[in-house]
Amino acid sequence: MVINRKIQTLDEFTIQQMRDFPNATGELAGLLRDMGLAAKRVHVEVNKAGLVDILGDAGTMNVQGEEVKKLDIFANNQFMGVLRHGISCAGIGSEEMDDIVVFDDEISMQSKYVCLFDPLDGSSNIDVNVSIGTIFSVFRRVSELGKPATKEDFLQKGIKQVAAGYVIYGSSTMLVYATRRGCNGFTLDQSIGEFTLSHPDIKCPETGKIYSVNHGNFFQYQENVQKYITACQQKTKDTGGPYTQRYIGSMVADVHRNLIKGGIFMYPSTTEKPKGKLRLLYECNPFAFIVEIAGGKATDGKDRILEIQPTEVHQRTSFFVGSKLMMEEYEQTK
Ligand code: AHG
C-alpha cells in the first residue's frame, strides 16, 4: 500500500506547530483536537438531519429508543463534553447557555484556556439541508491557575484571542482555525475520519466581487449602509464590478465563501435591532480574528471589532467583515 505522506492531519499539524515553541505545554493543541473530535460527532449527526422522520423528531424516541435531541442542543453537549473532559479548558461560554460554565475539577482548574462557542450557527437552515456551522474563540485566562475561571476570563477584548476557528458542515465538512501564526483549513477526510490540511495559510483576497447582506432589511439600515449597498449594485466593469449578492443566512457559510473568494459580509444594525443581531463574543470576535489574520478587516461599522471591550457574554453588535479594500470602500461611504 502506498502511503501518501503529503497528507497532514489536524493533530499532526498542531503538534508540529507546537514543536517550534520550546515552552509550549501542548494544551492548545489538545483543545483544538477536542474541538475537532466534537466537530466530527456533530458532522455525523448533521448528515442524518434529513432522516429525522425515520430516526424520530426532537423530543421523541428514535428507533433505538434513545431520546432525540434538537441538533443545536446535541452540538452544544458535544462541544461542552469534550472540553469538560479534556485537559485544556477551564470553562466555557455558549450561545445555548445563559451563563458561563466553570469546570471546577482539579485538572480543569489548572488549564490555561477558556473557550466560547456557538455550537450550531445558522440553525434556521438545518431543516432545509443548507450549510450550517460551529464558531469558537479561545482566550488565555487572566485569573489564577488552580482556581476556578472567572467572568473576566471570558470578557476580554477580541484582540486577546489566542485562537479562533469555525467548522462548516457543507458539501464537505471543514475546520478552519487561526492563531497569530496564520490561518489554515482542514477538510474532513471521511475515509480515515480525520481533518486533513487542505487550505494551508489562507489569505483573504484584497478585494472581491461578492457582497453578503440581508436585503430584506434594506429600509431599516442607516443611510450610509443603504448607500454602500446601492453602490455595490451599481458597480460596472469600469468600476471593478459587476458585484454579486450572495446571502445564505448562515454566517459561517457566507463568511467562509468570502474569505476564500474575496467579498464583504454585513449584518448592520436595523431599526428593529439597533444593537445588531450577531453576538460579539462567539460569532463576531472569532471571525474578526480569523479574517484579520488572513489579511482582511472587521468592524462594527465604525470601530474595530477586536478592540471592543465586552461587558456581557451574550452582547450583540453590528458586524462588517471581509476583504480589506471592500471594507475600506464601505468605510468611505458617508
Ligand atoms: P440562527 O443561528 O439563529 O439561524 O442565526 C444565524 C445568524 C447568522 O449566521 C446569519 O448570518 C444571520 O443570523 C441571519 O440572520 P437574518 O435571517 O436576520 O438575515
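Being a predicted model, the structure only gives us computed values, none of them experimental. Both ligands and their constituent atoms are indexed starting at 1 by order of listing.
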**Message:** The criterion is side-chain hydrogen bond (donor to acceptor under 3.5 Å, both in side chains); which residues satisfy it with His199, sequence neighbours excluded?
**Reply:** none
**Request:** Evaluate whether atom CZ of Arg246 has more than 12 neighbouring non-hydrogen atoms of other residues, nucleotides or ligands under 6.0 angstrom away.
**Result:** no
**Item:** Contact check, side chains of Phe13 and Thr196, non-hydrogen atoms, under 4.5 Å
**Value:** no
**Item:** Heavy-atom check, side chain of Lys297 versus side chain of Glu331, under 4.5 Å
**Value:** yes
**Prompt:** Are any side-chain N or O atoms of Arg140 and backbone N or O atoms of Lys160, one a donor and one an acceptor, separated by less than 3.5 Å?
**Reply:** no
Please tabulate, line by line, the atom pairs linking an N/O of ligand 1 to a protein N/O at a distance below 3.5 Å, with the distance in Å to 0.1, or answer 'none'.
| residue | atom | partner | partner atom | Å |
| --- | --- | --- | --- | --- |
| ligand 1 | 2 (O) | Gly122 | N | 2.8 |
| ligand 1 | 2 (O) | Ser123 | N | 3.1 |
| ligand 1 | 2 (O) | Ser123 | OG | 3.3 |
| ligand 1 | 4 (O) | Ser123 | N | 3.2 |
| ligand 1 | 4 (O) | Ser124 | N | 3.4 |
| ligand 1 | 9 (O) | Asp121 | OD1 | 3.1 |
| ligand 1 | 9 (O) | Asp121 | OD2 | 2.7 |
| ligand 1 | 9 (O) | Met251 | N | 2.7 |
| ligand 1 | 11 (O) | Met251 | N | 3.4 |
| ligand 1 | 13 (O) | Lys277 | NZ | 3.0 |
| ligand 1 | 15 (O) | Lys277 | NZ | 2.9 |
| ligand 1 | 18 (O) | Tyr267 | OH | 2.6 |
| ligand 1 | 19 (O) | Asn214 | ND2 | 2.8 |
| ligand 1 | 19 (O) | Tyr247 | OH | 2.4 |

**Candidates Thr134, Val167, Ile168 - the one meeting side chain to side chain contact (heavy atoms under 4.5 Å, CB included) with Val252** = Ile168
